[in-house]
Engineer: 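Can you keep this structure in mind? I'll have questions shortly.
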Amino acid sequence: MSCSLIQPLFDGSLDIVGDVHGEIDPLRSLLRHLGYSGDGEHPDGRRLAFVGDLTDRGPDSPAVIDLVKSLVEAGRAQCVLGNHDLNILLGHRKHDNNWFFGEEHKEDGIVVPQILADESIRQKVLAFFRTLSIALERDDLRVIHACWNDDMIDIARESSDVVTLYDEHHGLIEGSFPDLDLDDIDKDLEHQNKNPVKVLSSGPEERTDAPIHSAGKIRHERRVQWWNDYEGPFSVFGHYSILDGQPRGNDSTFCVDYGVGKRWTERRAGKSSGFNLKLAALRWPERLIVFDEVV
Ligand SMILES: [Mn+2]
């Protein structure tokens with residue numbers, strides 16, 4: 001049976017969880033604070049939706065995937081693919097996904113403490129990711145990892161396989177280059193902004209006036225704040241990590257990624273509680289934010 005990459009979102013009251021990035025303990029705390037039992041049951045019948053990026057950076061991506069997979073299989077959660085999850089599914093090797101290939105990951109010369117995958121974990125992760133959609137929707141609410149773009153959603157709606165959709169558009173974009181007069185930055189931007197899988201899971205980008213230094217690299221592109229021009233039902237997204245605690249979004253959009261994926265940097269600096277970087281959930285329809293730590 002084939003099913004569309006755009007799926008109906010659960011009805012009823014929801015708790016929409018931000019990018020978890022392998023942070024299993026904050027995830028368990030958050031679910032407890034939200035009132036879920038260990039196996040994901042809620043006394044008020046609430047259910048969960050995850051905005052994706054379950055993996056990378058944090059200490060235990062396999063445990064996060066195990067937990068979310070069990071919640072999904074029990075019908076208590078839904079989950080969309082994030083760009084980190086997609087990199088794994090597409091076989092795109094990045095420094096953040098060394099763990100998946102069984103290799104240590106270092107930042108500033110220091111090993112990031114992480115559980116590394118073996119072959120059986122790899123197979124399980126890939127099998128789970130193959131079951132996930134790229135967006136969830138109902139009349140009053142949408143869930144997407146990075147960017148809700150109607151045109152790209154409509155293309156993804158006709159597809160049932162995210163790898164095929166990605167490859168097909170990658171090929172089309174490459175094929176258009178001989179007719180265009182583009183430099184390498186333009187080509188990168190074409191791939192970012194014209195491939196529906198890229199737009200939906202990592203958002204549109206634009207050329208910067210001058211090169212910018214970001215994460216030890218020189219970049220000529222920056223992320224576009226698409227939500228400023230968005231119109232439509234309320235969209236909840238992750239991806240754009242909030243590092244300063246200031247809410248991102250407006251009357252019709254909300255970013256639920258409060259940056260827990262970089263919490264290991266706070267731990268490395270000696271913190272063990274009172275973290276600035278958090279895992280969050282948005283309660284719907286209450287529009288209340290709940291964090292993993294109660295402070
Ligand atoms: Mn992301």
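These figures come from a predicted structure and were not determined experimentally. Atoms within a ligand are numbered from 1 in the order they appear, just like the ligands themselves.
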Engineer: Classify the ring geometry of Y36 against H42: parallel below 30°, tilted from 30° to 60°, perpendicular beyond 60°.
Structural biologist: perpendicular
Engineer: Can you give the angle H145 NE2 - the Mn ion (ligand 1) - H239 ND1, rounded to 10°?
Structural biologist: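 Approximately 90° at the metal, rounded to tens of degrees.
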Engineer: Measure from the Mn ion (ligand 1) to each N, O or S atom of S201 and report whether any distance is below 2.8 Å.
Structural biologist: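 No, S201 does not qualify, because none of its backbone or side-chain N, O or S atoms lies under 2.8 Å.
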Engineer: Over 60° means perpendicular and under 30° means parallel, so tell me whether Y258 and F254 are parallel, tilted or perpendicular.
Structural biologist: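 Taking F254 first and then Y258, their aromatic rings sit tilted (interplane angle of 30° to 60°).
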Engineer: Nearest heavy-atom pair of L54 and S61: which atoms, and what distance?
Structural biologist: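 The pair with the smallest heavy-atom distance is O-OG, 4.5 Å.
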Engineer: Do F100 and H105 have ring centroids that are under 6.0 Å from one another?
Structural biologist: no
Engineer: Between D53 and the Mn ion (ligand 1), is there a contact where an N/O/S atom of the residue lies under 2.8 Å from the metal?
Structural biologist: yes
